[in-house]
Protein chains: 2
Amino acid sequence: MATILREADVNSGSLYHFFPTKESLLIGVLERYQRLLRPIVMDPVEKVTDDPIGRVFVLLDWYRSGMLRAQCKLGCPIGNLALELADNHPDVRRLADANFIGWTEAVKQWLIDAGDRLPSHINRGELAQMVLNTMEGGIMQSRARGEVAPFDAAVRQLRHYFDYLERDAKGAPPDATRQPKRSNRSRRSRRRT
Amino acid sequence: MATILREADVNSGSLYHFFPTKESLLIGVLERYQRLLRPIVMDPVEKVTDDPIGRVFVLLDWYRSGMLRAQCKLGCPIGNLALELADNHPDVRRLADANFIGWTEAVKQWLIDAGDRLPSHINRGELAQMVLNTMEGGIMQSRARGEVAPFDAAVRQLRHYFDYLERDAKGAPPDATRQPKRSNRSRRSRRRT
DNA sequence: GTCTATAAGAGGATAGAC
DNA sequence: GTCTATCCTCTTATAGAC
């Protein structure tokens, strides 16, 4: 609280007038994150490419840039709160969950947009959750490592999974090469490592 | 500290005699976790089955049981510390990383043991990291949700990826059914949901 | 609604006898 | 090595004038 008051150049009384407790301020922050997800994160990603599967990896690359900028510190604010406060603060837990759901729903829509490029038997919602796991897990390991390499490894494996999925959806022709082909996007992303 | 002193029924002076600071106590805990990984976690899992890929999913199911026992609270202690303390406590960061590395190295060995059941072009170390991502990401989402369902979804998608990998390693016969087959283990795990 | 000053309490750590 | 008592700082929150 003291840091916030100092950085915002606000006096104690003013802040407590609007947010009576520390928790209520955090609730406000989480509600704001929820509102800003589309305009700040998803819309810009969608502007980069129309390719729905490409968007998934543009999104992951966007987070990668953030990690680099922060030297693999800070991490995902929602993930941090989920692990630190979910157990003892029901309202925070609910809002963190809502943020996760908003994120995965946006990714899920892209995966739905991918249509028959993904096998029909694949649950788009679960696959979107796996994208989130890749991001959060990659961030967690990268923060522990102090390097972005674990994040890159996570994205590579996810890309590999998508390669299988796309090959499967195409009917897995018997003459397909064993080594799944790489899209331009994934190769570009790897070059930056 | 007060909680630890109370729960351990130890007096302040005694604890501070061995661990001069709060951080030094945490270091001791992390070193202990590292030592106990094999005897407490990996060895019991290896006793359940000789099947190297099966072991991966037995391990995940072991964490699932832990989540249920704790009603989706608590989570992974290493993951919690990685997100909360990695930035400002270099020694904690290093030991959290060492714990992750110990974990993934054990899984990596299983994946190496799987031999030609997995494609040769797959990096076993990266795949082991993906298993860790599945666990940590699944736990994070399950804590935010307050239910184990996200963890189960994460494991299902990982299982699906392994299905592709195993099919690929077999040579992806043209007459393979499109729906990848499920192993007994993964079906049993699903039944418990 | 905002200001300054401060209350109230938790938390980590220490002193010094035994 | 262990005991009791306590210091001291940091942190959240409030009081009351303006």
Side-chain angles (χ1 to χ4, degrees), chain A residues 1-36 70-99 140 143-144 146, chain B residues 1-36 70-99 140 143-144 146:
Chain A
M1 294 302 292
T3 307
I4 290 169
L5 291 170
R6 175 169 36 78
E7 294 289 315
D9 197 21
V10 159
N11 290 308
S12 173
S14 303
L15 181 55
Y16 278 98
H17 176 72
F18 293 101
F19 298 100
T21 67
K22 187 172 62 156
E23 274 70 27
S24 69
L25 176 58
L26 177 56
I27 299 296
V29 169
L30 280 166
E31 285 169 343
R32 188 178 171 83
Y33 269 119
Q34 202 175 2
R35 279 204 322 277
L36 294 185
Q71 292 157 342
C72 294
K73 304 195 176 194
L74 304 179
C76 166
I78 311 298
N80 297 348
L81 293 169
L83 293 204
E84 190 170 339
L85 299 172
D87 291 356
N88 303 311
H89 300 257
D91 296 343
V92 175
R93 184 197 64 69
R94 252 183 299 274
L95 270 166
D97 188 34
N99 271 276
M140 183 186 285
R143 285 180 80 191
Chain B
M1 295 302 292
T3 306
I4 290 169
L5 291 171
R6 176 167 37 78
E7 293 289 316
D9 198 19
V10 160
N11 291 309
S12 173
S14 303
L15 181 55
Y16 278 97
H17 176 74
F18 293 100
F19 299 100
T21 67
K22 187 171 63 156
E23 274 70 27
S24 70
L25 175 58
L26 178 56
I27 299 296
V29 169
L30 279 167
E31 285 168 344
R32 187 178 172 83
Y33 269 119
Q34 202 174 3
R35 280 204 322 276
L36 294 184
Q71 292 157 343
C72 295
K73 304 194 176 195
L74 305 179
C76 166
I78 311 298
N80 297 347
L81 293 169
L83 293 204
E84 191 170 340
L85 300 173
D87 291 357
N88 304 312
H89 300 256
D91 295 344
V92 175
R93 184 196 67 67
R94 252 183 298 274
L95 270 166
D97 189 34
N99 271 275
M140 183 186 284
R143 285 180 79 192

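Naming: A, B, ... by sequence-line order, numbering from 1 per chain.
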Partners of [X] by side chain to side chain contact (heavy atoms under 4.5 Å, CB included), sequence neighbours excluded?
X	value
B:N11	B:S14
B:R6	B:T3
A:V29	A:Y33
A:H89	A:E23, A:L85, A:V92

Tell me, do [X] and [Y] make a side-chain contact under 4.5 Å, heavy atoms counted?
X	Y	answer
A:I4	A:L25	yes
A:I78	A:L30	yes
A:Y16	A:M1	yes

Whole angstrom value for the distance that separates [atom2] of [N] from [atom1] of [X]:
X	N	atom1	atom2	answer
A:L26	D:dT12	CG	P	12 Å
B:R6	D:dT4	CZ	C1'	18 Å
A:F19	C:dT2	CZ	P	12 Å
A:L25	D:dT11	CG	P	16 Å
A:L5	D:dA13	CG	P	11 Å
A:D9	C:dC3	CG	C1'	13 Å
B:L15	D:dC3	CG	P	12 Å

Using a strict 4.0 Å threshold on nitrogen-to-oxygen distance, state whether B:R94 and B:D97 make a salt bridge. no
In Å, rounded to the nearest 0.5 Å, how long is the span from SG of B:C72 to CZ of A:R93? 9.5 Å
Phosphate OP1/OP2 of D:dC3: any B:N11 side-chain N/O under 4.0 Å: yes
Polar side-chain contact B:S12-C:dT14 base: donor and acceptor under 3.5 Å: yes
Quick one: which protein N/O atoms are closer than 3.5 Å to N/O atoms of nucleotides 10-12 of chain C? Pair and distance per line, please.
from	atom 1	to	atom 2	distance (Å)
C:dG12	OP1	B:K22	NZ	3.4
C:dG12	OP2	B:M1	N	3.0

Sort me out a list of protein N/O and nucleotides 16-18 of chain D N/O pairs below 3.5 Å, or just none if empty.
none

